[in-house]
Amino acid sequence: MKEVIDSLSHNEKKILLVLKELKLATPQEILKTGGFTTMDEVMGACSWLKAKGFVEFKEEIKEYYSLDKEGEEYIKNGLPERTFVSTIIHTYPDVTTVLKFDDIRFDPDKKGIAIKWAKEKNWIEMKKNENGVVVLTLTSVAVNAIKNEIKGEDEKVLRELSVEELPEEALDAKGLAMLKKRQNVIKYREQVERTIYFTEQGQKLLEHDITVKDEISEITHETIRSGKWKDAEFRKYDINAPISVSYSGKFHPLKQMIHNIRQIFLEMGFKEVEYDYVVSCFWDMDVLFIPQDHPARDMQDTFYVEDSLPLPNKALVQRIANAHENGGNTGSKGWGQKWNSEEARKAILRTHTTVNTIRYLAENPVSPVRIFSIGRVFRREAIDSTHLPEFYQIEGIIMEEHANFNMLVGILKEFYKRIGFENVRFRPGYFPYTEPSLEVEVYFNGKWMELGGAGMFRPEVTLPLGLKHRVLAWGLGLERLAMLKFGLNDIRDLYISDIDWLRKRAI
Ligand code: PHE
């Protein structure tokens, strides 16, 4: 403890002494009683003491009241109910007179308010007489208030506020409440009031002597040349003093991961492609030999856009139609149903990035092709800890003469290894557009979680596009990988702006 005290600065010690005295103090009080010259000194030293765990700040919002427009005017002319009653008394010196309401002359703008408050304060009584005429009598309270100049609580508060702005606790509660009920009479502003007090640890410092003596906290050439250092006291270093941590700007972890994945594919000789979010069913499904009555086309699963998109050239459309209806030149029997071009024209938010790779192949049918795409896809999924309606897919294809299933498995293993996942397994899978097909899974939280699908495009997909060689294709989820990589239990955590989590991510 002794060393700790020795390592405190002059200003820090001065603050401890003030707090020892006052227990709880505002910065202003510390400034005044502690012998400081500027607020910066006070706050600087307080912050240090707080960082060291010796003091704490308490913050409270305080309301400060002052006069508003009407209030200023009432200070000059008095409250309307007072002027009203006083006018009556001066006009009708016999205070017991019963007056006809309509006979009373008073500023028409103020008459309403004046009567409302005069009644509220029990200064007047009003009723209809036997002829149905509204009549009014003054009460003794009113006569007393006017003749003896007795001011109400509200008027006292008004008077005080005309001198200076005051905090709520300095004002009479009843008077304040009355004024608050009126419009534009008083206004308030909020101010955060800080008080500083000892923590338990700070309290312990007081068991020791705290003396503020002259000591050197900074060595200058002057200190040395003058020889002052010889018998000066030096302030001790506090090697445990906390420092402020600075966080550098960096990419969002998901962006960073996309960047790394892009790098991996580029290194393996792939080229990146990207198309639009809004696509026709033709490209997203029909070209991929997804039957037109497939559940994935359901409104429950896919986001439809209120629009249709044009189909490509007639010859291609015809070949796709044939593939679906009877297999065309693909050696298949097709789905055996009439193919509907209206269905194919419908616009949707792409449901997978396979739409990108297949479109690229349709436009570039010559081998070899190695392309990839990393982009968002959209599905009407119920959101839960492993599902999002909008997520990224990592898509890729290889088309070349000797492409085979082993190569596909090899590429996927290599990819997962390069991003740090060795523990993935491949299982037989099913997609309408690939044969054979596989699913990639990873062991997570006690069960196998699907990471994506892959396979070799069927002849019903490749032949209508005029592709000569086999195509290896895959589409892998990104967010689930990210979840594993960052140790999250909920996929949604990737998209909440948790600044603390983001800051603490390693670059
Ligand atoms: N498109 C499939 C999906 O979204 C993944 C896939 C891509 C499967 C390519 C086979 C071939 O789940």
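Note that ligands are numbered from 1 as they come in the structure, with each ligand's atoms numbered from 1 the same way. Residues take their numbers from the sequence shown, with the count starting at 1.
Salt-bridge formation is not detected for the pair Glu395/Arg376: no Lys NZ or Arg NE/NH1/NH2 atom is positioned less than 4.0 Å from an Asp or Glu carboxylate oxygen. Ion pair Glu168/Lys62 not flagged as a salt bridge, since none of the NZ, NE, NH1 or NH2 atoms sits closer than 4.0 Å to an Asp/Glu carboxylate oxygen. Ion pair Lys204/Glu207 not flagged as a salt bridge, since none of the NZ, NE, NH1 or NH2 atoms sits closer than 4.0 Å to an Asp/Glu carboxylate oxygen. A salt bridge between Arg297 and Asp293 is absent, with no side-chain N of the basic residue lying under 4.0 Å from a carboxylate O of the acidic one. Between Glu441 and Arg427 a salt bridge is recorded (basic side-chain N to carboxylate O distance below 4.0 Å).
Short contacts between ligand 1 and Glu395, defined as distances under 4.0 Å to a heavy atom of the residue, involve ligand atoms 7 (C), 9 (C). Listed by number with element, the atoms of ligand 1 under 4.0 Å from a non-hydrogen atom of Gly453 are 5 (C), 6 (C), 7 (C), 8 (C), 10 (C). The distance from ligand 1 to the heavy atoms of Thr354 drops below 4.0 Å at these ligand atoms: 1 (N), 7 (C). Residue contact check: Ala473 has heavy atoms under 4.0 Å from atoms 9 (C), 11 (C) of ligand 1.
For ligand 1, the polar-atom distance check against Thr434 finds no nitrogen or oxygen pair separated by under 3.5 Å. An N or O contact shorter than 3.5 Å is missing between Thr351 and ligand 1 by distance. Note: an N/O pair closer than 3.5 Å links Tyr433 and ligand 1 by distance alone. The N/O atoms of Trp474, backbone and side chain alike, include none that comes under 3.5 Å of an N/O atom in ligand 1.
When Val317, Leu288, Leu309 are each tested for a side chain to side chain contact (heavy atoms under 4.5 Å, CB included) with Phe282, only one passes: Val317.
In terms of modelled atom types and a separation under 3.5 Å, the side chain of Ser7 and the main chain of Val4 share a donor-acceptor contact.
Heavy atoms of Glu439 found under 4.0 angstrom from ligand 1: none, in either backbone or side chain. In Ala454, the part holding a heavy atom less than 4.0 Å from any atom of ligand 1 is the backbone.
Evaluated by nearest non-hydrogen atom to atom 3 (C) of ligand 1, the leading choice among Met456, Glu450, Arg350, Arg379 is Arg379.
For the pair Lys23 and Phe198, the NZ or CZ position fails the cation-pi test of under 6.0 Å to the six-membered ring centre and within 45 degrees of the ring normal.
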